[in-house]
Trainee: 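Structure provided below as C-alpha cells; questions to follow.
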Protein chains: 2
Amino acid sequence: MDLRHLHTFVAVAEERSFSRAATRLRVAQSAVSRTVQALERDLGRPLFERSRHHVELTKTGLATLDSARAALAAAEAVRAAARQTCPCALSPTP
Amino acid sequence: MDLRHLHTFVAVAEERSFSRAATRLRVAQSAVSRTVQALERDLGRPLFERSRHHVELTKTGLATLDSARAALAAAEAVRAAARQTCPCALSPTP
DNA sequence: TTTTTTTACGACACACGTAACAATG
DNA sequence: CATTGTTACGTGTGTCGTAAAAAAA
C-alpha cells in the first residue's frame, strides 16, 4: 500500500479519466495507468471499469474512495503535527 | 511521505531502539536507521534524540506518533473497505 | 569487549518518460 | 483521424543486506 498509489487513484476517480488525472498530477498517462494497476493488484480488486472512452468506478472503487481520501488526509495530518512543534525543534529536555 | 517510513518510525518509538525495531520488522538495523533519517528529512525535524545507549522521542516525535499510527490505521481501512465488497467483485452494472 | 547507531558499497526492484499499439467515436 | 488506455524499453532513484567504522558502558 503506497500513498502515491492512493493519490493517483483519487485523481482518476475525480477526473473520471486517466489522461486528465495525468495532466493534473503532471505525470505521463502511462505512469497513471501503471500506478492504478499496481494498486488494483495490491488490493486484489479492480477499481475502475475501463470502457475505451470513459472510465467508471467499480463497486470496490466506490467503496474505497472515501477511505483513500481519509488516508491521504491522515498522512497530511502527520506532516501538520510535525510542523506544529516549535519552529526549529530539538528537545533539549532541560 | 511514505507509509513504510511511518511504520518504521512507530516501531522504533515503541521499542525505543533501532536494533529491536529492526528485529521486529525483520530488516537490517541499517535499513531502519536510513528509513528514519529519510522521514526526518522529509518532515524537516528530528524525531529521535540519539544518545548512544538509548533512544528517546523528541517533542516532534512525540507529537507525531499518534497521527502516524492514525495514518497507518487509515491505510489499513482502505484495504478493509476494498475487501468488504463482495468476494470477487466486478460491478456488472446490470 | 560488547552493544549501539551510522556510513560505504554493490545489487536489485520500482517508477518515470518516450514511443509504439490497440481500440473506439 | 483524433483520442484514450496499455505495453515495451532504457534510465535513474531508492532500498536492501553485508560489512566496516565510531562511540559508550
Side-chain angles (χ1 to χ4, degrees), chain A residues 1-58 60-62 65 68 71-72 75 78-79 90-91 93, chain B residues 1-58 60-61 65 68 72 75 78-79 90-91 93:
Chain A
M1 175 82 64
D2 188 340
L3 290 173
R4 210 192 63 265
H5 294 179
L6 298 181
H7 203 75
T8 302
F9 162 57
V10 170
V12 174
E14 288 177 355
E15 299 288 344
R16 296 199 176 284
S17 157
F18 283 65
S19 55
R20 282 194 295 273
T23 304
R24 188 216 274 191
L25 299 171
R26 305 189 178 272
V27 296
Q29 295 93 332
S30 59
V32 174
S33 176
R34 284 179 305 228
T35 300
V36 171
Q37 282 175 14
L39 182 57
E40 289 175 321
R41 202 174 332 119
D42 182 30
L43 297 176
R45 308 273 158 94
L47 296 168
F48 295 107
E49 189 88 34
R50 282 89 153 170
S51 328
R52 311 302 182 269
H53 257 227
H54 60 291
V55 169
E56 206 167 344
L57 283 162
T58 59
T60 303
L62 199 60
L65 185 53
L72 293 172
V78 172
R79 183 164 275 114
L90 275 171
S91 80
T93 52
Chain B
M1 176 81 64
D2 188 340
L3 290 172
R4 210 192 62 265
H5 294 179
L6 298 181
H7 202 76
T8 302
F9 163 57
V10 170
V12 174
E14 287 176 357
E15 298 288 346
R16 298 199 176 282
S17 155
F18 283 64
S19 56
R20 281 194 296 272
T23 305
R24 189 216 275 192
L25 299 172
R26 305 189 179 274
V27 296
Q29 295 93 331
S30 59
V32 173
S33 176
R34 284 178 304 225
T35 300
V36 171
Q37 282 174 13
L39 182 57
E40 290 176 319
R41 202 175 330 121
D42 182 32
L43 296 177
R45 307 273 158 94
L47 296 168
F48 295 107
E49 188 88 36
R50 281 90 153 170
S51 328
R52 310 302 184 269
H53 256 229
H54 61 290
V55 168
E56 204 167 345
L57 283 163
T58 60
T60 302
L65 184 54
L72 293 170
V78 172
R79 183 164 275 114
L90 274 172
S91 79
T93 52

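Proteins come first, then strands; the chains are lettered A, B, ... in the order of their sequence lines, and each starts at number 1.
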Trainee: Is Gln37(A) near enough to dT7(D) that one of its side-chain N or O atoms lies under 4.0 angstrom from OP1 or OP2?
Mentor: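 Gln37(A) to dT7(D) OP1/OP2: side-chain N or O found under 4.0 Å.
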Trainee: Would you say dT4(C) has OP1 or OP2 under 4.0 Å from some side-chain N or O of Arg50(B)?
Mentor: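 Negative; the distance criterion is not met.
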Trainee: Can you check the Asp42(B) CG to dT15(D) P distance for me, whole Å?
Mentor: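 Rounding to the nearest Å, CG of Asp42(B) and P of dT15(D) are 11 Å apart.
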Trainee: Quick one: does Met1(B)'s side chain get under 4.5 Å of Val78(A)'s, heavy atoms only?
Mentor: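 Answer yes - side chains close enough.
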Trainee: For Glu49(A) and dT6(D), what is the distance between atoms CD and P respectively, to the nearest whole Å?
Mentor: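 Value for this atom pair: 12 Å.
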Trainee: Could you tell me if the side chain of Phe48(B) sits less than 4.5 Å from the side chain of Leu57(B), heavy atoms only?
Mentor: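 Side-chain contact under 4.5 Å: yes.
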Trainee: Tell me: CG of Asp2(A) to P of dT15(D), nearest whole Å?
Mentor: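 From Asp2(A) CG to dT15(D) P: 11 Å.
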Trainee: Which pairs, protein N/O on one side and nucleotides 16-21 of chain C N/O on the other, fall under 3.5 Å?
Mentor:
{"from": "dC16(C)", "atom 1": "OP1", "to": "Arg4(A)", "atom 2": "NE", "distance (Å)": "3.2"}
{"from": "dG17(C)", "atom 1": "OP2", "to": "Ala28(A)", "atom 2": "N", "distance (Å)": "2.8"}
{"from": "dG17(C)", "atom 1": "N7", "to": "Arg34(A)", "atom 2": "NH2", "distance (Å)": "3.3"}
{"from": "dG17(C)", "atom 1": "O6", "to": "Arg34(A)", "atom 2": "NH1", "distance (Å)": "2.8"}
{"from": "dT18(C)", "atom 1": "O4", "to": "Ser30(A)", "atom 2": "OG", "distance (Å)": "3.2"}

Trainee: OP1 or OP2 of dT3(D) versus the side-chain N and O atoms of Ser19(A): is any pair under 4.0 Å?
Mentor: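 False: Ser19(A) side-chain N/O out of range (4.0 Å or more) of dT3(D) OP1/OP2.
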Trainee: At what distance, to the nearest 0.5 angstrom, does CD of Glu14(B) lie from CZ of Arg16(B)?
Mentor: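 Interatomic distance, Glu14(B) CD to Arg16(B) CZ, rounded to 0.5 Å: 10.0 Å.
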Trainee: Can you pull out every salt bridge (Lys or Arg N to Asp or Glu O under 4.0 Å) where at least one residue sits in residues 25-38 of chain B? Sequence neighbours excluded, please.
Mentor: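 Applying salt bridge (Lys or Arg N to Asp or Glu O under 4.0 Å) to every pair that reaches into residues 25-38 of chain B, excluding sequence neighbours, yields nothing.
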Trainee: Taking CZ from Phe9(A) and C1' from dG5(D), how many angstroms apart are they, rounded to a whole number?
Mentor: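 My rounded result for the distance is 17 Å.
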Trainee: Write down the distance between CZ (Arg41(A)) and C1' (dC14(C)), rounded to a whole number of angstrom.
Mentor: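 In whole Å, dC14(C) C1' and Arg41(A) CZ are 11 Å from each other.
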Trainee: Quick one: His54(A) NE2 to dT3(D) P, roughly how many Å, whole number?
Mentor: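 Result: 19 Å.
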Trainee: With Phe9(B) as reference, evaluate Leu65(B), Thr35(B), Val32(B), Leu43(B) under the side-chain contact (heavy atoms from CB on, under 4.5 Å) test and give the passing residue.
Mentor: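 The residue from Leu65(B), Thr35(B), Val32(B), Leu43(B) that satisfies side-chain contact (heavy atoms from CB on, under 4.5 Å) with Phe9(B) turns out to be Leu65(B).
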Trainee: Taking C-beta and beyond as the side chain, do Leu39(A) and Thr8(A) meet within less than 4.5 Å on heavy atoms?
Mentor: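 No; the side chains remain at least 4.5 Å from each other.
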Trainee: Once each nucleotide of nucleotides 20-25 of chain D is scored for protein heavy atoms under 4.0 Å, what B/S/- sequence comes out, 5' to 3'?
Mentor: ---SS-
